[in-house]
Amino acid sequence: MTEQTYDFSAIEAKWRDFWTANKTHATPQPEAGDKTFYVLDMFPYPSGAGLHVGHPVGYLATDIVGRYKKMAGFKVLHPMGWDSFGLPAERYAMKTGVHPAISTEQNIATYKRQMGLLGLGYDWDREIQTSSEDYYRWTQFIFSRLYNAWYDADADKARPIDALPIPEDVAAQGKLAIQAYQDDRRLVYYETAPVNWCAEEGTILANEEDFDGKSEKGYEVVRVPLRQVKMRITAYAERLIADLDRLDWPEGIKESQRNWIGRSEGVTLEFAVGGTDAAIETFTTRVDTLGGVTFLALAPEHPLVAALTDGDHKAAVDAYVEAAARKSDLERTVDAEKTGVFTGAEAINPVTGKAVPIFVADYVLYDYGTGAVMGVPAHDERDFAFATAYGLDIVPVIDPGPEAENRDAVLAGEACLYGDGAMLPPPAGMPDTLYTAGMPWREAGAKVADHLEAEGQGRRVVSYNLRDWIFARQRYWGEPIPIIHWEDGTRTTVPEDQLPLTLPHVDNYQPTGYAESPLARAEDWVDVVDPETGMTGKRETSTMPQWAGSCWYYLRFMDPQNREALVGKEVEKAWGQVDLYVGGAEHATLHLLYARFWHKVLFDLGLVSTIEPFAKLVNQGLLTSFAYKDERGVVLPIDEVEEREEGVFIQTATGKRVEKVGAKMSKSLHNVVTPDDVVERFGSDAFRVHMMFMGPVESMREWETDKPASALKFLRRVWRFATTAIAAGANAEDKKVALARTKLVLAVTEDLEKLRLNTAIAELMKFLNAVDGEAVSTSTVSDFIRVLAPFAPFMAEELWERAGGAPSVFSAGWPQADEAELDAAIDTVEIVIQEGGKRRGSVHLAPEADDAAVRAAALEMLSGMGKSVQGVPENRIIVVRDKKSGRVRLVNVPKLG
RNA sequence: GCCGGCGUGGCGGAAUUGGUAGACGCACCGGACUUAAAAUCCGUUGGGAGAAUCUCCCGUGCCGGUUCGAGUCCGGCCGCCGGCACCA
């Protein structure tokens, strides 16, 4: 009987060693004709805390799919690596003096051990770290290619900067002028502009990292003007939106990116400034309301403000502009009250010729559109609020229609209409060609836009909310930016053959303040001399943001040892896109946007062959634990509470009753569960089965400590079934068993293809239920072991060996089954009989029964129940057949009297 | 405010393009085995009514509609989660 005992710890240790010794998970490069499958996890930052049970939800899903695809005959690339540059290691270094490279190395060792424990079948020969020189050499290489490229709007692609045509007048002014011209157009550029400064993190952050004035960790972020390295992601706004359509990604993520990029179509048009030659360019999405313009508003930063303002208003305008500059973006945004000051100047409506006052108002954003808006209070809430506050005219141009409650108020200029309606008769001065009365506003807008374009007074443009990517960080533990600032004012990238530009050692990791990173203290490293000309220069001391390394790591996994290129051309073509990418939704507008951007640049520059990096994306759900909340809503750690009786939780110290609530796993709540604990208690296979059986990969779930017990129970049943069947060695089996096998293989295969791992496990359970107590042939047992293998790889290996198979089961192929087999095995089908859509019973008929026979059977049954079936028209009796097999499934008779 | 996603038993969750609602599991209850317990195995379990085990009614957030037939489609609400938000 000891033979029958399922000793998971011995089995799992045995096969863990076997896989390592035999490199079972090694991934050879694909050759011509190979089917390939690239499945990828978002690689982790190796933190000091190690993995908790929430991390592997996605890793397990990809492991299972990867193992299945390999068995199904694909060359599967399923690698793992480390996003190992980052602030925590640097903070740790500040506290302890331990170099980040060393603490990172230790953390990685823990992660790898835990991943091994879980049976994650990664090919560790392909392991990469973003902080290793071999890797960041290529991150710097890509940076340098971006720096030395510009966006050719005509060709709609990035091209090397050498291909940028230099106008003659610029060329005539010499080297610095040419550089300035190029620098204005590079995909990487320097700009002095307000940036997001986080004092606590000691660095500038990207707009994507600024969450309502807080950093990701919740530290305050303020706006300060600084000279910064930026990447021209806005050049790709259109393509980043358009190409979302071809991605198999969750709609929510695509929508987040669309919102973030914020595309809107509108028109720019110029208002002449009365009495001067100057003109103000405004952007609007509602040119149809041009007749309703009663003022113009400029952002305080707008360059024309000073020039426009007349003497009487100068003092007030200067004070306002200065006050606005001191306010943070958040203050300007949160404060909904509209303020502004009159400049004393007037603008001329290009169509009606009417003069309107020009204001400076801080509700106008300088970096969106043209930094100036035409104020149409009748049809824009913000303009309405402003006009009301300053007593400006409100001129409606759209009639909401007789049905509208607020019609009278709108027409009287007392309410704002931004919904649908029909154009009112045009105001005085509107040319006859622009008569749009009665038209819906969109149509009227098109007509006005046509007119403006024809007259050369305006043009249609597309505007985006997306801003360029602030790329530099004032930190130590990141990729050095390979730029040298020379004494003659020129700037170059470090030559590619001199990369990597190695991160120097420093003794002091403390932030230096706004402009520089701790690298500034490594003077020997910062100061450079050109060996040929003797010119001196200084290196850029900022480092790259956390996101740089993860922008392209999926490419390096394809060819991690390549010394000549970031990825070999043929290898890149062979693997193609990432077929399945699994990770958290929190990266929607960070990593996933940045990586798409870099990929498109690499495509334009001929370095990759695909236009998108990740074909299919799945967001795994968060795994939460629990904690307790007291009456004030304070969350309490789990060890401060006891359960006195079923469902009654008492805070030990106070004796007060508290409520059990779901909570993220965190150190402070003492509710972190590590995979080590779970594997120790239930085994890795049970952990895997449990995690995947809890629900769809995408949904959130709550961890309950004792639940893996049921998975273990299931695995014990599997073990008993398989070892018994192997020992019995039957050659034959009942038709019922053969049918169950066919169903099992078909269902599990389909579920795996669709990443429905919870129902796949349910199918394994159903099979066991179906064959309980039956003789099962060795060939069916073999198929069962193989479909079990992706889910419970350790047990499957052991069973496979005991069944006489040559290790490893993952080289044993995937079992086959086809529908025809299923059909042939069926000699009667159950046909459900409905009356008015309600089930009344069922009959068993031969699968080839025709509609007439089915109808007759249905009427007979219903009649037998005492129902009156006289006079039911035949065409009202609906016979439903299975689409694939054509077998009858159901027959419905209309409700009988 | 705008946009997207989601609402199914006591619980986690199943239900192809409209076709048997509640698969599979947990928990509960009953039973077997046991001196006993654990483990294991078998059975029951959406709610209600009548009733010898069968039948009827109600049931997928709420209200209405389309259909022979609606968890699924349409219209209108409610609630939860996520994104964007002074973006002209």
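Since the model is a prediction, treat every value here as computed from it, not as a measurement. Side chains are part of it too, since the values below use all heavy atoms of this structure and drop only hydrogens, waters and symmetry mates. Here is the naming used below: chain letters follow the sequence lines, and residue numbers restart at 1 for every chain.
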How would you label the glycosidic angle of B/G83: syn (within 90° of 0) or anti? anti
Is A/G252 touching bases, backbone alone, or none of the nucleic acid, heavy atoms closer than 4.0 Å? sugar-phosphate
Kindly say whether the aromatic ring centers of A/F693 and A/F714 come within a distance under 6.0 Å. no
For B/A85, does either OP1 or OP2 sit under 4.0 Å from a side-chain N or O belonging to A/N465? no
Check this one for me: any side-chain N or O of A/Y363 less than 4.0 Å away from OP1 or OP2 of B/A88? no
Please enumerate all residues that pass salt bridge (charged side-chain N to carboxylate O under 4.0 Å, His left out) together with A/D751, with sequence neighbours excluded. A/R756
Residues passing the salt bridge (charged side-chain N to carboxylate O under 4.0 Å, His left out) test with A/E270, sequence neighbours excluded, are none
Protein-nucleic acid N or O pairs under 3.5 Å, nucleotides 64-70 of chain B:
from  : atom 1 : to     : atom 2 : distance (Å)
B/C68 : O2'    : A/N892 : ND2    : 3.1
B/C68 : O2     : A/N892 : ND2    : 2.4

So if I take residues 253-263 of chain A and measure heavy-atom distances to RNA chain B, which residues fall below 4.0 Å? A/E255, A/S256, A/N259, A/W260
Do any N or O atoms of the protein come closer than 3.5 Å to N or O atoms of nucleotides 41-47 of chain B, and which pairs are they?
from  : atom 1 : to     : atom 2 : distance (Å)
B/C42 : OP1    : A/D772 : OD2    : 3.4

Quantified in whole Å, what is the C1' atom distance between nucleotide B/G64 and nucleotide B/C54? 36 Å
Nucleotide-level pairing of RNA chain B, given in dot-bracket where Watson-Crick and G-U pairs need both distances under 3.5 Å and | marks other strands: (((((((..(((......[....)))(.((((.......)))).)(((((...)))))..(((((..]....))))))))))))....
Is the terminal nitrogen or CZ of A/K338 (NZ for Lys, CZ for Arg) located under 6.0 angstrom from the six-membered ring centre of A/Y363 and within 45° of that ring's axis? yes
